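When a residue number appears, it is its place in the shown sequence, counting from 1. This one's a predicted model, so the numbers in the text were calculated from it and none came from an experiment.
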Amino acid sequence: MSKDRISINQYALMYLLLIAGGKFLNLPSILAADVGHDSWLTIAFSFVWDAVCLVFLLWAIKINKDSQLDLSAILSKTVGKVVSKIVLVIFFVMFVVRTNILLAACYKMFAVTFDVSTNWIVFVLPVVALSVLTLKLGFTSVARASQLLFGIIFICVVSLLFSPIAQVEFGSLLPIGEAGWGKIFSTSFLRSFWFTDYVFIYLLLDNVKVKNKVFSPVLTAFAVGAVLTVAMNAIFVALYGSLASQFDLAMSKIGVHFVSNSSNGRWDWLTLSVWLISVFIKIVVFFYCAYKCLEKIFEFNSDKINFWAVGAITLLYMLPMFISTEIALNTVVQYGLLVFALVQYVLPIAMPFLTKAAQIKTAAEKGEQPQKASADKVKEKIGV
């Protein structure tokens with residue numbers, strides 16, 4: 001639908017905000033616990049893997065610009081309807097789990113950093129309401145909001161990251177590779193669940209408006225996001241050293257490092273608050289994608305909001321009330337690692353070829369219909 005169509009430039013800006021909104025909370029402390037001060041290398045290698053897959057996915061977008069086939073149609077026409085629904089279920093689980101982790105991190109940031117305590121249900125329901133509004137207005141509303149807010153969010157992110165630069169002792173990052181290159185590479189894969197923020201484009205393959213350039217805007221946004229994320233992690237572990245693994249809200253800890261202990265005049269609260277908008281944009285985008293997965297799996301009317309699907313997603317967002325983030329990471333994410341890797345690192349490489357095959361099959365089906373109709377008319381004339 002036209003209300004869901006976004007340009008490639010809008011996608012690029014939104015992609016950069018999603019990178020900035022997802023990896024500055026829990027991930028740095030988790031990686032610090034895994035590989036110590038070499039955690040920035042782990043992030044760097046993960047981005048290299050992502051870059052390769054992103055190129056293939058953008059290639060698929062370019063191939064699909066005329067046919068505008070959605071993910072479900074591409075998979076159904078190439079690997080079968082059953083496999084298509086299984087892949088969509090994997091995507092649905094991924095979006096829900098990642099959203100729950102983001103919600104839990106935001107909830108803790110409000111409680112710890114801003115000293116604002118609230119009930120989980122009261123915290124989640126407004127986010128769900130905003131997500132439902134997005135379904136009503138269309139995905140273009142998120143894209144336009146990202147465009148309008150991009151400048152101020154980006155300034156706040158850069159300000160938060162580089163304000164304490166004078167206090168950073170980068171010598172504490174030496175020696176490079178102390179954790180062992182094998183462990184660094186393996187951790188890069190084992191923590192890959194936190195990456196591949198481009199996954200939302202799968203659910204928008206038929207809604208991306210492509211005119212001229214496809215690769216350069218998105219890859220530029222990706223490169224900027226990768227540099228900021230690696231820099232953030234390096235600054236964080238350089239500031240806190242062996243204590244980095246104890247702080248699971250990295251962005252707030254970087255902000256508090258260069259201000260007084262008193263809350264009076266803490267301008268970092270303002271920049272943190274603005275930066276949090278990118279986190280909520282990411283949550284809304286993932287809600288949209290989870291809903292679209294259910295829409296394709298159960299094949300309900302796409303012109304109306306299905307409140308059964310909204311209710312199901314909302315109930316799943318209540319799981320952090322009963323299951324901690326640590327349990328989710330050590331169960332769902334750990335045991336589903338290879339399954340998630342399928343849609344993160346295997347499917348993107350196959351997408352250009354699957355898209356082309358789906359186009360050929362679609363063209364063949366359209367070509368057969370007139371032939372079949374003509375054959376039927378001939379049979380009628382001869383009385384068969």
Nearest 0.5 Å please: distance from the [atom1] atom of [X] over to the [atom2] atom of [Y].
{"X": "Leu41", "Y": "Phe185", "atom1": "CG", "atom2": "CZ", "result": "9.0 Å"}
{"X": "Ser146", "Y": "Leu18", "atom1": "OG", "atom2": "CG", "result": "7.0 Å"}
{"X": "Leu27", "Y": "Ser39", "atom1": "CG", "atom2": "OG", "result": "8.5 Å"}
{"X": "Cys106", "Y": "Lys282", "atom1": "SG", "atom2": "NZ", "result": "10.5 Å"}
{"X": "Tyr107", "Y": "Phe110", "atom1": "OH", "atom2": "CZ", "result": "11.5 Å"}
{"X": "Leu347", "Y": "Leu75", "atom1": "CG", "atom2": "CG", "result": "6.0 Å"}

message: Before you tell me yes or no, could you show the steps for Phe286 and Phe200 under ring pair (Phe, Tyr, Trp, His ring centres under 6.0 Å), namely the whole-Å CA-CA distance, both residues' side-chain angles and the distance that decides it to 0.1 Å?
response: CA-CA 7 Å; Phe286 281 0; Phe200 79 93; 7.7 Å; no
field: Under 3.5 Å side-chain donor-acceptor pair for Tyr288 and Asp4
entry: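 On atom types as modelled, these side chains qualify, holding a pair under 3.5 Å.
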task: Would you please say whether a donor-acceptor pair under 3.5 Å links the side chains of Thr271 and Ser159?
output: no
message: Walk me through whether Tyr198 and Phe222 qualify under ring pair (Phe, Tyr, Trp, His ring centres under 6.0 Å).
response: CA-CA 9 Å; Tyr198 54 74; Phe222 173 82; 7.9 Å; no
Hydrophobic clusters here meaning ILVMFWY residues chained together by side-chain heavy-atom distances under 4.5 Å, can you tell me if [X] and [Y] are in one?
{"X": "Phe340", "Y": "Tyr335", "answer": "no"}
{"X": "Phe123", "Y": "Met321", "answer": "yes"}
{"X": "Leu148", "Y": "Tyr15", "answer": "no"}
{"X": "Leu315", "Y": "Val132", "answer": "no"}
{"X": "Trp308", "Y": "Phe92", "answer": "no"}

task: Go through Thr134 and Ser141 one step at a time and tell me if the side chain to side chain donor-acceptor pair (under 3.5 Å) criterion holds.
output: CA-CA 7 Å; Thr134 300; Ser141 61; 4.6 Å; no
Measuring only between side-chain heavy atoms, which start at C-beta, is [X] closer than 4.5 Å to [Y]?
{"X": "Val224", "Y": "Ile19", "answer": "no"}
{"X": "Met94", "Y": "Gln344", "answer": "yes"}
{"X": "Ile30", "Y": "Trp194", "answer": "yes"}
{"X": "Met318", "Y": "Leu125", "answer": "yes"}
{"X": "Gln246", "Y": "Ser29", "answer": "no"}
{"X": "Thr362", "Y": "Leu69", "answer": "yes"}
{"X": "Asp34", "Y": "Arg191", "answer": "yes"}
{"X": "Lys356", "Y": "Met351", "answer": "no"}

- request: Check the pair Ile8 / Lys62 against side-chain contact (heavy atoms from CB on, under 4.5 Å), numbers first and verdict last.
  value: CA-CA 10 Å; Ile8 201 70; Lys62 191 170 184 178; over 6 Å; no
Residue pair [X] / [Y]: nearest heavy atoms and the distance that separates them:
{"X": "Leu203", "Y": "Cys289", "value": "CG-O, 3.9 Å"}
{"X": "Ile6", "Y": "Ala143", "value": "CG2-CB, 3.6 Å"}
{"X": "Leu103", "Y": "Ile283", "value": "CD2-CD1, 3.7 Å"}
{"X": "Leu249", "Y": "Met109", "value": "CD1-CA, 3.8 Å"}
{"X": "Tyr345", "Y": "Cys53", "value": "CD2-SG, 3.5 Å"}
{"X": "Gln68", "Y": "Val208", "value": "NE2-O, 3.7 Å"}

message: Walk me through whether Asp206 and Lys65 qualify under salt bridge (Lys or Arg N to Asp or Glu O under 4.0 Å).
response: CA-CA 8 Å; Asp206 56 328; Lys65 67 178 182 178; over 6 Å; no
message: Run Gln359 and Ser67 through side chain to side chain donor-acceptor pair (under 3.5 Å) and show every step you take.
response: CA-CA 7 Å; Gln359 285 180 336; Ser67 56; 2.7 Å; yes
message: Around atom CZ of Phe300, are there more than 12 heavy atoms from other residues, nucleotides or ligands closer than 6.0 Å?
response: yes
Full working for side-chain contact (heavy atoms from CB on, under 4.5 Å) between Phe154 and Leu16: CA-CA 9 Å; Phe154 187 78; Leu16 179 50; 4.2 Å; yes
For the backbone of [Y] and the side chain of [X], can you confirm whether one donor and one acceptor N or O come within less than 3.5 Å of each other?
{"X": "Thr42", "Y": "Ser188", "result": "no"}
{"X": "Thr196", "Y": "Val199", "result": "no"}
{"X": "Tyr11", "Y": "Pro217", "result": "no"}
{"X": "Tyr202", "Y": "Val343", "result": "yes"}
{"X": "Ser84", "Y": "Gly80", "result": "no"}
{"X": "His37", "Y": "Pro175", "result": "yes"}

message: Using the side chain to side chain contact (heavy atoms under 4.5 Å, CB included) definition, which of the options Ile176, Asp38, Leu31 pairs with Ile184?
response: Asp38
message: Is there a side-chain contact (heavy atoms from CB on, under 4.5 Å) between Phe24 and Leu160? Walk through the geometry before answering.
response: CA-CA 11 Å; Phe24 294 176; Leu160 277 168; over 6 Å; no
- request: Begin with the C-alpha distance, continue with both residues' side-chain angles, and end with the deciding distance and a verdict on ring pair (Phe, Tyr, Trp, His ring centres under 6.0 Å) for Trp59 and Phe353.
  value: CA-CA 10 Å; Trp59 183 14; Phe353 311 103; 5.5 Å; yes
- request: Decide yes or no on side-chain contact (heavy atoms from CB on, under 4.5 Å) for Lys136 and Ile305, but give the supporting numbers first.
  value: CA-CA 7 Å; Lys136 179 67 176 178; Ile305 297 177; 4.0 Å; yes
message: Can you classify the ring geometry of Trp49 versus Phe189 as parallel (below 30°), tilted (30 to 60°) or perpendicular (above 60°)?
response: tilted
query: Do Glu299 and Lys81 sit within salt-bridge range, that is, some charged N less than 4.0 Å from a carboxylate O?
result: yes
query: Less than 4.0 Å between a side-chain N and a carboxylate O, is that true for Asp248 and Lys108?
result: yes
- request: Check step by step if ring pair (Phe, Tyr, Trp, His ring centres under 6.0 Å) holds for Tyr240 and Phe236.
  value: CA-CA 6 Å; Tyr240 290 98; Phe236 174 66; 5.7 Å; yes
